[in-house]
Amino acid sequence: MKRNVILGMLLVLAILISGCTQAPATTDKKDAETTDVVTTASLVNTEDAFIKAISKDGTWIIATLGDLKIDSDLVLDGEFVNGKKDDAGNDIVQRKIGLYTQDDARNVTARFTLTAPKITINSPKASIEHGTFVGDVYVTATDFQLKDQKIEGNLYFTNPEAQATFKMDATSSVTGVQELKQ
């Protein structure tokens, strides 16, 4: 009987000790890299950095740190997620060109101008925000938005679906035409 008590106490002790130990943390390098890419913004202040950031290999958010003048046509390419999930648990697709800086409370502190002959928006659910784009905008993707943004030029939609899903808030403006141009 004494033997059974000792074995029982050892068993209880073993259970307590194993319950208190913590499994070593594991990190999947691929997941960590993917997350970093998804949530990282590209802060740019040069033509080359901006062109790289808007490419299909760029980042989901491109934030300028000053005015930029680019003499070639631009293309916002690729589908990106912003690191957040919707109510169903799916990744949220989003692409943003931010022509501004902000403080810790997300108040816009400076607005910038991006000048180019033309920018084509191929990324779905893209937006241009809080600055001025000088040039023409061609939209091929769905759900494009202007948020507190001024376009000094024309806004062309290359298909009816791009035009139908376009949104612009009350503080945004387009000085030229807004039309379907196939």
Side-chain angles (χ1 to χ4, degrees), residues 33-84 91-102 106 108-182:
E33 288 173 0
T34 301
T35 300
D36 287 344
V37 170
V38 170
T39 60
T40 301
S42 183
L43 303 174
V44 298
N45 61 0
T46 67
E47 175 180 340
D48 289 340
F50 185 83
I51 290 170
K52 181 178 178 183
I54 65 171
S55 76
K56 67 178 177 61
D57 299 319
T59 56
W60 83 269
I61 183 170
I62 304 97
T64 59
L65 298 172
D67 294 339
L68 287 175
K69 184 173 185 197
I70 301 172
D71 294 327
S72 59
D73 292 347
L74 303 173
V75 179
L76 184 67
D77 245 338
E79 183 173 305
F80 289 78
V81 295
N82 66 10
K84 298 176 185 174
D91 290 325
I92 296 175
V93 174
Q94 185 179 16
R95 194 86 192 267
K96 181 192 323 186
I97 297 175
L99 301 177
Y100 65 100
T101 55
Q102 64 185 15
R106 296 187 183 230
V108 174
T109 56
R111 297 169 189 273
F112 306 115
T113 299
L114 171 62
T115 303
K118 166 182 162 179
I119 186 168
T120 301
I121 308 297
N122 290 336
S123 294
K125 297 189 179 183
S127 63
I128 305 177
E129 302 184 14
H130 303 293
T132 301
F133 178 76
V134 178
D136 291 336
V137 178
Y138 286 75
V139 182
T140 65
T142 58
D143 300 306
F144 176 63
Q145 294 184 49
L146 296 178
K147 295 181 181 178
D148 190 27
Q149 177 67 33
K150 183 175 186 179
I151 303 294
E152 291 182 4
N154 299 309
L155 179 57
Y156 297 115
F157 303 96
T158 62
N159 61 70
E161 188 177 12
Q163 186 176 31
T165 58
F166 168 69
K167 293 179 183 167
M168 179 171 88
D169 66 11
T171 58
S172 295
S173 64
V174 177
T175 62
V177 299
Q178 294 181 54
E179 64 185 22
L180 185 63
K181 185 175 187 178
Q182 295 177 307

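Note that the structure is a prediction, hence the values are computed from the model and not measured.
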K.L.:
If the condition is ring pair (Phe, Tyr, Trp, His ring centres under 6.0 Å), which residues does Phe112 pass it with, not counting sequence neighbours?
P.N.:
none
K.L.:
Which value, rounded to the nearest 0.5 Å, describes the distance between Trp60 atom CH2 and Lys125 atom NZ?
P.N.:
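Here the rounded value is 13.0 Å.
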K.L.:
Go through the side-chain N and O atoms of Asp169 and Thr171 and say whether any donor and acceptor fall under 3.5 Å apart.
P.N.:
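A pair is found: one side chain offers a donor N or O, the other an acceptor, under 3.5 Å apart.
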K.L.:
To the nearest 0.5 Å, what is the distance between CZ (Phe133) and CD (Glu152)?
P.N.:
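Atom-to-atom, Phe133:CZ and Glu152:CD are 10.5 Å apart.
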K.L.:
Do Asp148 and Arg111 have side-chain heavy atoms sitting under 4.5 Å apart?
P.N.:
yes
K.L.:
Is it the case that the side chain of Gln94 and the backbone of Val81 share a donor-acceptor pair, with hydrogens and angles ignored and the cut-off at 3.5 Å?
P.N.:
no
K.L.:
Going from CD1 on Ile62 to CD1 on Ile51, what distance comes out if it is rounded to the nearest 0.5 angstrom?
P.N.:
12.5 Å
K.L.:
Side chain of Thr142, backbone of Ala162: donor and acceptor closer than 3.5 Å?
P.N.:
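No; zero donor-acceptor contacts below 3.5 Å.
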K.L.:
To the closest 0.5 Å, what do you measure between CG (Asn122) and CG (Leu76)?
P.N.:
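Asn122 CG to Leu76 CG: 7.5 Å, rounded to 0.5 Å.
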K.L.:
So if I apply the side chain to side chain contact (heavy atoms under 4.5 Å, CB included) rule between Asn82 and each of Ile61, Val93, Asp91, Ile92, which one comes out positive?
P.N.:
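So the option named by the test is Ile92.
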K.L.:
With sequence neighbours excluded, tell me which residues meet side-chain hydrogen bond (donor to acceptor under 3.5 Å, both in side chains) with Gln145.
P.N.:
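For Gln145 there are no side-chain hydrogen bond (donor to acceptor under 3.5 Å, both in side chains) partners, ignoring immediate neighbours.
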K.L.:
Taking only residues two or more places apart in sequence or in another chain, which ones pass side-chain hydrogen bond (donor to acceptor under 3.5 Å, both in side chains) with Asn154?
P.N.:
Asp136, Tyr156
K.L.:
For the residue pair Phe50 and Leu114, establish whether any side-chain heavy-atom pair is separated by less than 4.5 Å.
P.N.:
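In contact.
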K.L.:
Any side-chain heavy atom of Leu99 sitting closer than 4.5 Å to one from Ile97?
P.N.:
yes
K.L.:
Please report the interatomic distance OG(Ser123) to CG(Asp77), rounded to the nearest 0.5 Å.
P.N.:
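Here the rounded value is 6.0 Å.
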K.L.:
In this structure, are over 12 heavy atoms from other groups packed under 6.0 Å from Gln102 atom CD?
P.N.:
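Yes, enclosed.
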K.L.:
Could you work out, with side-chain hydrogen bond (donor to acceptor under 3.5 Å, both in side chains) as the rule, every residue matching Thr64, not counting sequence neighbours?
P.N.:
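Scan of Thr64 (side-chain hydrogen bond (donor to acceptor under 3.5 Å, both in side chains), adjacent residues dropped) gives none.
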K.L.:
If you define the side chain from C-beta out and look only at heavy atoms, does anything of Pro124 sit under 4.5 Å from Asp143?
P.N.:
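No, their side chains stay 4.5 Å or more apart.
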K.L.:
Could you check if a side-chain atom of Gln182 sits within less than 4.5 angstrom of a side-chain atom of Pro160, using non-hydrogen atoms only?
P.N.:
yes
K.L.:
Can you confirm if the NZ or CZ of Lys181 lies within 45° of the ring axis of Tyr138 and under 6.0 Å from the centre of its six-membered ring?
P.N.:
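Negative - Lys181 is either too far from the ring of Tyr138 or too far off its axis.
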K.L.:
Is the shortest side-chain heavy-atom distance between Leu155 and Met168 below 4.5 Å?
P.N.:
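No, side chains not in contact.
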K.L.:
Are the side chains of Phe144 and Ile128 in touch, meaning some heavy atoms are under 4.5 Å apart?
P.N.:
yes
K.L.:
Under the rule for salt bridge (Lys or Arg N to Asp or Glu O under 4.0 Å), what residues qualify as partners of Glu47, not counting sequence neighbours?
P.N.:
none
K.L.:
Does Arg95 reach the main-chain N or O of Thr59 with its side chain, forming a donor-acceptor pair under 3.5 Å?
P.N.:
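Pair found, side chain donor or acceptor close to backbone of Thr59.
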K.L.:
Keeping Thr132 on the side-chain end and Lys150 on the backbone end, is there a donor-acceptor pair under 3.5 Å?
P.N.:
no
K.L.:
Please check if the side chain of Asp67 supplies one atom and the backbone of Thr113 the other of a donor-acceptor pair under 3.5 Å.
P.N.:
yes
K.L.:
Could you pull out the closest heavy-atom pair between Tyr100 and Glu129, with the gap in Å?
P.N.:
CD2-O, 3.4 Å
K.L.:
Are Val137 and Leu146 close enough that some pair of their side-chain heavy atoms sits under 4.5 Å apart?
P.N.:
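No, every pair of side-chain atoms sits at 4.5 Å or beyond.
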K.L.:
Starting at CG of Asn45, measure out to CG of Leu68 and round the result to the nearest 0.5 Å.
P.N.:
7.5 Å
K.L.:
Gln163: what forms a side-chain hydrogen bond (donor to acceptor under 3.5 Å, both in side chains) with it, not counting sequence neighbours?
P.N.:
none
K.L.:
Within the 3.5 Å criterion, strictly below it, is a donor on Thr158 or Thr140 matched to an acceptor on the partner's side chain?
P.N.:
no
K.L.:
Give me the atom names and distance for the closest heavy-atom approach of Ala116 to Ser72.
P.N.:
CB-O, 3.9 Å
